[in-house]
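Letters go in sequence order (proteins before strands), and every chain restarts at 1. Being a predicted model, the structure only gives us computed values, none of them experimental.
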Protein chains: 4
Amino acid sequence: MREEGTEELSEKTVKRVRLAPAERRERIIDAIVSVVSEHGVPEATTSRIAEAAGVGPGTLYRYFGSREEMLTAALDAVYERIMRPWYDAGELDPLERIREVGRRHSRIMASEEGGFAVPWVQFIAGASEVGLRDAVAETQRRAYRVVQSVFEEARAQGSIRADADPVELTYQFLVYAWGENMCVLMGLNEFLGEERSMKVLEHFLDQAATKPSESGRGQ
Amino acid sequence: MREEGTEELSEKTVKRVRLAPAERRERIIDAIVSVVSEHGVPEATTSRIAEAAGVGPGTLYRYFGSREEMLTAALDAVYERIMRPWYDAGELDPLERIREVGRRHSRIMASEEGGFAVPWVQFIAGASEVGLRDAVAETQRRAYRVVQSVFEEARAQGSIRADADPVELTYQFLVYAWGENMCVLMGLNEFLGEERSMKVLEHFLDQAATKPSESGRGQ
Amino acid sequence: MREEGTEELSEKTVKRVRLAPAERRERIIDAIVSVVSEHGVPEATTSRIAEAAGVGPGTLYRYFGSREEMLTAALDAVYERIMRPWYDAGELDPLERIREVGRRHSRIMASEEGGFAVPWVQFIAGASEVGLRDAVAETQRRAYRVVQSVFEEARAQGSIRADADPVELTYQFLVYAWGENMCVLMGLNEFLGEERSMKVLEHFLDQAATKPSESGRGQ
Amino acid sequence: MREEGTEELSEKTVKRVRLAPAERRERIIDAIVSVVSEHGVPEATTSRIAEAAGVGPGTLYRYFGSREEMLTAALDAVYERIMRPWYDAGELDPLERIREVGRRHSRIMASEEGGFAVPWVQFIAGASEVGLRDAVAETQRRAYRVVQSVFEEARAQGSIRADADPVELTYQFLVYAWGENMCVLMGLNEFLGEERSMKVLEHFLDQAATKPSESGRGQ
DNA sequence: CATGAATGAGAATTCATTCAT
DNA sequence: TATGAATGAATTCTCATTCAT
């Protein structure tokens, strides 16, 4: 990858392009994500990032104060993308929305090079670096809050039982998602996909739902 | 942390403590585990390990051929400790044994600095180094096999339903355990313990069990 | 040696001298040669080289992939210089050219710190490192081929007897040159110079020449 | 080489043997020579030496003050052996003795694993370590003196011409021998043996001899 | 603004030497 | 006396960061 022949050209090309700061930052973040995807966090060196972004190593420091900042910014971008389904599926009934998001998650994780799933897992797994670690945890907490609010909405609307505990359900949802992450991480592909992992989620949801799944397994 | 003079004053006072090789090795492994716990795998540098073990950097290489070997040895020790409950609980009915192991896992994970839980998670999450990563995956596969065999035994004995799928149950057990790992890793302590995480496991087991839990939640 | 402040005061005074890559590379090679001269190959450590080049240790690795590459590059530079006489003397009659080269070799070796003679010998004698050793041997073979081709030319032109064996003469030339190398290496300066070592070569050449030496000893 | 199975036994055996200091020293020196032969000077580590000698690393320091001393002692032993032919051939006519020694040298160098030739060359080539280097040079000077005295004797006896210069002849002899050393060192085996290298010596001697070679090359 | 040459602290590893046993 | 466990300075190499251009 990144062979010279083509690179030398494109690099020269890129060099000339004077981008608006915000857009250049965007591009660098994309580069970070792709480097993290390919190599993992600890191997996401600044020079790899610079090369992938088509800029000099010094340039990175015009947009970020440190490597940690770069990674944190990339993590945010990944979080953004990973959580988008929760908002995109906004018009559905809350419980159905959760089911839909889960299905998407399973599908994304099962698919080879599943968009932002890989860097997502890389961040979760590779964040032993202090600081990044906290950022990842914060990310999970944010996700947690989003999920919990949807469960609460679902209970309010009556699509899950009144005695179901949204916190418990949220934890269960996370457990389901983490399970898929771990499988991706360790290459246990046999568990991924709707047949196995997705079942876990439906398990949890069916137990709390007031009526059985409409579209999911069930049939 | 691990400043001199606080606990093992003999270490810094006495120069050149001569130990039986086996014991020194043991101590170094303990040191590795504690460094991994505190700093994660990538930050478990040989000099940190040496300092924690109270030996010179060269000494490590009398006992291990490389840093990777050190980490692998520590991983083995941790695996050993983490999986011990499966063997200690040997005399119980298989399903009950799974419950018991689960309870212990939850308890261990919940306890602050719960023995080997932290390094266990650090190894799972932080093993970006090739070789160590494979060792970790192998460890998971080994664990997987142990769990599955117990589920199969349980089905043979009739304590879980004949139509329950041991593979599915095994995955569910792992998902439960990974959930706790993630919480430990990210400091989401609010989910740990019998009240929340343990419930997930009992969820799964109750569904497959032919009779309700004897000792677990239930009452 | 190479203390700061003595000759190139600018080096220590000015921090971060920025050079064109080619020139910096050149300077580093010079530094390697001088370190090898002074300390021999095994003692030509990267930190000594860095210090001699007036750069940080990391800088070396911007120009060379490894210490071995540094040494190989330096060896090439030395070879280049050592063999230059063969090409500079190109217009002479072949046999006379050989005599001329020999005289230059003797002169170079005899002169205190005779340019590239000392590092040349250091490389030949001190290349215990695999890879470098092969590079040195290749160097000798290359030199051998150059010398042999000139002897063949000389025979074709009739300046050495038709029954003289170019291979034998080449070996004899090498033996002559190695003799000087050994003397330099071991500080046996009493043998160096035209009086003694050079005589050896003329011995060999006179025996094969069709007419006596024009300029050399003879008189 | 040095596999455990057998070694463990022999080691235990050797351990018990309490040798007279002088003899143990002797054995260690043998071990050094064999390690140098096999691995070269820079790779002749103290632990390799200790292992080869069947003693603990600490023991070496009861007999030698430092690694350098060990190597120097071994070099002396090798010198001793290499120069023995000069004395063994004592009854012959001096010039014939030189021829005989030369022949032996050529034969030894040409033969695979030629007794003490290999460590000899290893010392000459590998002695970039300061101190050892001087020792090697001294060795060459000693050899030089021995050779020169024989040439002087030969001149006194009239077997070489009165106007021949013993110093010159000595240098020529050394050049001949070094040539063979270099060939061994660089694996240029094609030059070794009586056909090529030995001819060089006979060249020199014939020129100084009052009568042609008796036994040597024939013509 | 952007660059990329230069940096230097720190990583893993080796090995001659010491010293408690 | 002999041992071998322990040492720590030194080695090669990496990489986040800086700063002259």
*D:R24 CZ to F:dT1 P, straight-line distance once rounded to whole Å*: 12 Å
_Interatomic distance, B:R27 CZ vs F:dA6 C1' [rounded to whole Å]_ = 14 Å
*Return no unless some side-chain N or O of D:T46 is found under 4.0 Å from OP1 or OP2 of E:dC15.*
no
*In terms of the nearest nucleotide of DNA chain E, which residue is placed more toward the 5' end: B:G58 or C:P21?*
C:P21
_D:R62, nearest nucleotide to its side chain (from F:dA9, F:dT1, E:dA16)_ = F:dT1
_For a 4.5 angstrom cut-off between non-hydrogen side-chain atoms, does A:F123 reach A:T139?_
no
*asked:* For a quick test of reading the model: is some side-chain N or O of C:Y61 closer than 4.0 Å to OP1 or OP2 of F:dC13?
replied: yes
*asked:* Quick check on F:dA16: is either OP1 or OP2 less than 4.0 Å from any side-chain nitrogen or oxygen of A:R67?
replied: yes
*Residue met sooner reading DNA chain F from 5', once B:Y63 and C:S66 are mapped to nucleotides*: B:Y63
*Are side-chain heavy atoms of C:M70 and C:T46 found at a separation under 4.5 Å?*
yes
_Atom pair distance, as rounded to whole Å: CZ in C:F64 and P in F:dT12_ = 15 Å
*Could you let me know what E:dA20 is paired to, Watson-Crick or G-U wobble, both distances under 3.5 Å, or none if it's on its own?*
F:dT3
*Return the value, rounded to whole Å, for the distance between atom CZ of B:R48 and atom P of E:dG10.*
11 Å
*Would a distance-only check, ignoring hydrogens and angles, find a side-chain to backbone donor-acceptor pair under 3.5 Å from D:T72 to D:E68?*
yes
*asked:* Is there a side-chain contact between C:T59 and the phosphate of E:dT7, meaning an N or O under 4.0 Å from OP1 or OP2?
replied: yes
*Could you check how far CZ of A:R25 sits from C1' of E:dA2, rounded to whole Å?*
17 Å
*Over how many whole Å does the gap from C:L132 atom CG to F:dT12 atom C1' extend?*
15 Å
_Quick check: closest heavy atoms across B:I29 and B:A73, and the distance to 0.1 Å?_
CD1-CB, 4.1 Å
_Separation of E:dG4 C1' from A:E51 CD (nearest whole Å)_ = 13 Å
*CD1 of C:I49 versus P of F:dA10: gap in Å, rounded?*
17 Å
*Check for a donor-acceptor pair, side chain of B:Q122 on one end and backbone N or O of B:S37 on the other, with a separation under 3.5 Å.*
yes
*Across the strands shown, which category fits A:L60 at heavy-atom distances under 4.0 angstrom: base, sugar-phosphate, nothing?*
nothing
